[in-house]
Colleague: 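One structure, as structure tokens, below. Some questions next.
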Protein chains: 2
Amino acid sequence: MASEIMLRGVGRRTGIALWRQIADAIRAGISSGLGDETGKLPSETELAEQFGVNRHTVRSAISALVNEGILRAEQGRGTFVISPSRLTYPITRRTRFSASLAEQGQRGVSRLISHDIIEAHRDVATSLDLEEGVPVLQINSVGTSDDTPVSRTTAWFDHARFPDLLSHLKTTNSVTKAFAASGLDDYVRQSTLIEAYHATLDDIEIMGLSPGSIVLVTHAVNADLDGRPVEYSKTRFSADRVNLQIELGSNAAED
Amino acid sequence: MASEIMLRGVGRRTGIALWRQIADAIRAGISSGLGDETGKLPSETELAEQFGVNRHTVRSAISALVNEGILRAEQGRGTFVISPSRLTYPITRRTRFSASLAEQGQRGVSRLISHDIIEAHRDVATSLDLEEGVPVLQINSVGTSDDTPVSRTTAWFDHARFPDLLSHLKTTNSVTKAFAASGLDDYVRQSTLIEAYHATLDDIEIMGLSPGSIVLVTHAVNADLDGRPVEYSKTRFSADRVNLQIELGSNAAED
DNA sequence: CTTATTTGTCTAGTTATATAGACAACTGTA
DNA sequence: TACAGTTGTCTATATAACTAGACAAATAAG
């Protein structure tokens, strides 16, 4: 007998189709042990009973997850989980993208997809402790783990202070190394704000998410050892693919 | 002229009704400046054009938000935002619920709604550094800010170590004070894991959320000054009502 | 009072979701 | 081979969601 998981809780007339609620529930349930040791899901008939819906509705949900690459359906045999695990992304004083994933045996890559020199807008100027309108380097990148996109980041840097940062970024493909090449050997995470939203169409397209899925948004400020901000970034993580792990420092003495 | 905000991006055939996508977009847009200085939204006709849908579809979205208590529609005048702001909940080494909200001028109340002595399950035992099956106190509470529920927490404590904690909790209505009465003067946040999910039916009922909205889930371990875990808690925050603010300590020296 | 603008209500028709039932196609096992 | 259990496909019907258009009712301004 396949696994029996507590899968109740679909609502009607909510503006969210039953098949999508079920798809979301199955996707979330996978990480918490849905599917037996071979990764086999309960049969469509069983799932339909558990959720209290028609078998066809369950089939719509499964079809969507097959399209996402999460499930594989085999006629006569059953439906199986393809990618069981979720990534844990640590946020510490020394958060660095590639290094964090390497520790989990993941091949993490941050790929630069676009960049521009723009005038600092309100948020950016405030976070970087600059005047509004001064030139800042803005970069967009996509974070990938084992060939699956897990995040996308927009980051801003003081162009006056780091005029050659972009070329260093292009050659090293790493913020840490680009900073080092610009004469900044070390930096630490100063603050992190976390929000959660539904995926936008851009998220869906760039990270290959399914509509209605969730993104965790972090607003982060990194500063040099004197406390001067050097990077402001907004990262959108696929909540289906990553958790955020907060490691608080050993001595918190903020007022 | 009312505010013009970048509100594009509704998809079709996604399993999420257009009116719900629009409701979510408006709800999210409010905090980032949707609505002019008087809180007036663009007219239904304008919104329909911006989203590329029929006016009736926008009306469904607005109707849902009026039901949530976020908007107020006045015939002949327009539609107005009621509660514009979002709460920021800080996570530090010394995170305490009521104190955190008090700093923002919010009247924060954590209300105990149920409790039980149970046998420690896997997660709980691991997090509290106990054997599986030993008795633990489990409490459920709802966090409220200015009469709006913003979070709900399930927390576990070692019953052998803190046998009188429950009675202290009932009299003081504060974990910090209950610990103090049990002889534990100070404790700090050891680790925090953050996930995001769609609201369950329980979330919707207990916190008065709308279906399809998002909850931020934190798994937190608090420890005494010797590093022994004293509390394990899972808190579900309404992502529409709170942000999480991470304050990393001044010296992070974990390996 | 008149007019433009806004939200509120109604009817009608189309498309997307969901249910119901039947049966085919495939797999593993007795 | 026969059979039980599974996914795949088909038809039919009912309900929710969306579009379209028209007009009423309230508000504010000329």
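Hydrogens, waters and symmetry mates are skipped; everything else that's a heavy atom, side chains included, is used. Because the structure is predicted, anything quoted here is derived from the model rather than measured. Per chain, numbering begins at 1; letters A, B, ... match sequence-line order.
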Colleague: What residues, two or more places apart in sequence or in another chain, satisfy ring pair (Phe, Tyr, Trp, His ring centres under 6.0 Å) together with W156(B)?
Modeller: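 Expected list: Y232(B).
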
Colleague: So does S60(A) get a side-chain nitrogen or oxygen closer than 4.0 Å to the phosphate oxygens (OP1/OP2) of dA18(C)?
Modeller: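 Checking S60(A) against dA18(C): no side-chain N or O falls below 4.0 Å of OP1 or OP2.
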
Colleague: Measure the distance from CZ on R72(A) to P on dT7(D) and round it to the nearest whole Å.
Modeller: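 The answer, rounded to whole Å, is 13 Å.
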
Colleague: Send over the distance from Q21(A) CD to dA18(C) C1', rounded to a whole Å.
Modeller: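 These atoms are roughly 12 Å apart.
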
Colleague: When all nucleic acid strands are considered with a 4.0 Å heavy-atom cut-off, which category describes T79(B): base, sugar-phosphate, or nothing?
Modeller: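 Sugar-phosphate contact only.
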
Colleague: Want to settle it: does I16(A) or T45(A) sit nearer the 5' end of DNA chain D, counting the closest nucleotide to each?
Modeller: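 Result of the comparison: T45(A).
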
Colleague: Just the rounded figure in Å: distance from P of dT7(C) to NZ of K40(B).
Modeller: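 Rounded to whole Å, this separation is 7 Å.
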
Colleague: Does T57(B) make a side-chain N or O approach to OP1 or OP2 of dA17(D) shorter than 4.0 Å?
Modeller: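 For dA17(D), OP1/OP2 do not have a side-chain N/O of T57(B) under 4.0 Å.
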
Colleague: Does T144(A) offer a backbone N or O that forms a donor-acceptor pair with the side chain of T148(A) under 3.5 Å?
Modeller: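 No, because the side chain of T148(A) does not come within donor-acceptor range (under 3.5 Å) of the backbone of T144(A).
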
Colleague: Quick one: does L71(B)'s side chain get under 4.5 Å of F80(B)'s, heavy atoms only?
Modeller: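 They are not in side-chain contact.
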
Colleague: Not counting sequence neighbours, which residues clear side chain to side chain contact (heavy atoms under 4.5 Å, CB included) with D203(A)? List them please.
Modeller: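 D203(A) satisfies side chain to side chain contact (heavy atoms under 4.5 Å, CB included) with R152(A), A199(A), T200(A), M207(A), L209(A), V215(A), R236(A) only.
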
Colleague: Could you tell me how far apart L71(A) (CG) and dT6(D) (C1') are, to the nearest whole angstrom?
Modeller: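 My rounded result for the distance is 15 Å.
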
Colleague: Does the side chain of T14(B) reach to within under 4.5 Å of the side chain of Q21(B), using non-hydrogen atoms?
Modeller: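 Heavy-atom side-chain distance check passes, below 4.5 Å.
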
Colleague: Provide, to the nearest angstrom, the distance between the CD atom belonging to E46(A) and the C1' atom belonging to dT6(D).
Modeller: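 For the pair E46(A) CD and dT6(D) C1', the rounded distance is 11 Å.
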
Colleague: Between atom CZ in R20(A) and atom P in dA18(C), what is the gap in whole Å?
Modeller: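 Spelled out: CZ on R20(A) to P on dA18(C) is 11 Å.
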
Colleague: Verify the contact: side-chain N or O of R59(B) to OP1 or OP2 of dT7(C), cut-off strictly under 4.0 Å; return yes or no.
Modeller: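 It does not, given that no N or O in the side chain of R59(B) lies less than 4.0 Å from OP1 or OP2 of dT7(C).
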
Colleague: Less than 4.5 Å apart, side chain to side chain, heavy atoms only: is that true for R241(B) and L87(B)?
Modeller: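 The answer is no; the side chains never approach within 4.5 Å.
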
Colleague: When you measure from the side chain of W19(B), which nucleotide among dT6(C), dA17(D), dG8(C) comes out closest?
Modeller: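 Taking heavy atoms from C-beta onward, the closest nucleotide is dA17(D).
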
Colleague: Tell me, for nucleotides 20-30 of chain D in 5' to 3' order, what letter each nucleotide earns: B for a base near a protein heavy atom under 4.0 Å, S for only sugar-phosphate near one, - for neither?
Modeller: BB---BBBS--

Colleague: Nearest whole Å is fine: how far is dT9(C) P from I62(B) CD1?
Modeller: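 These atoms are roughly 14 Å apart.
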
Colleague: Less than 4.5 Å apart, side chain to side chain, heavy atoms only: is that true for V217(A) and T235(A)?
Modeller: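 Side-chain contact under 4.5 Å: no.
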
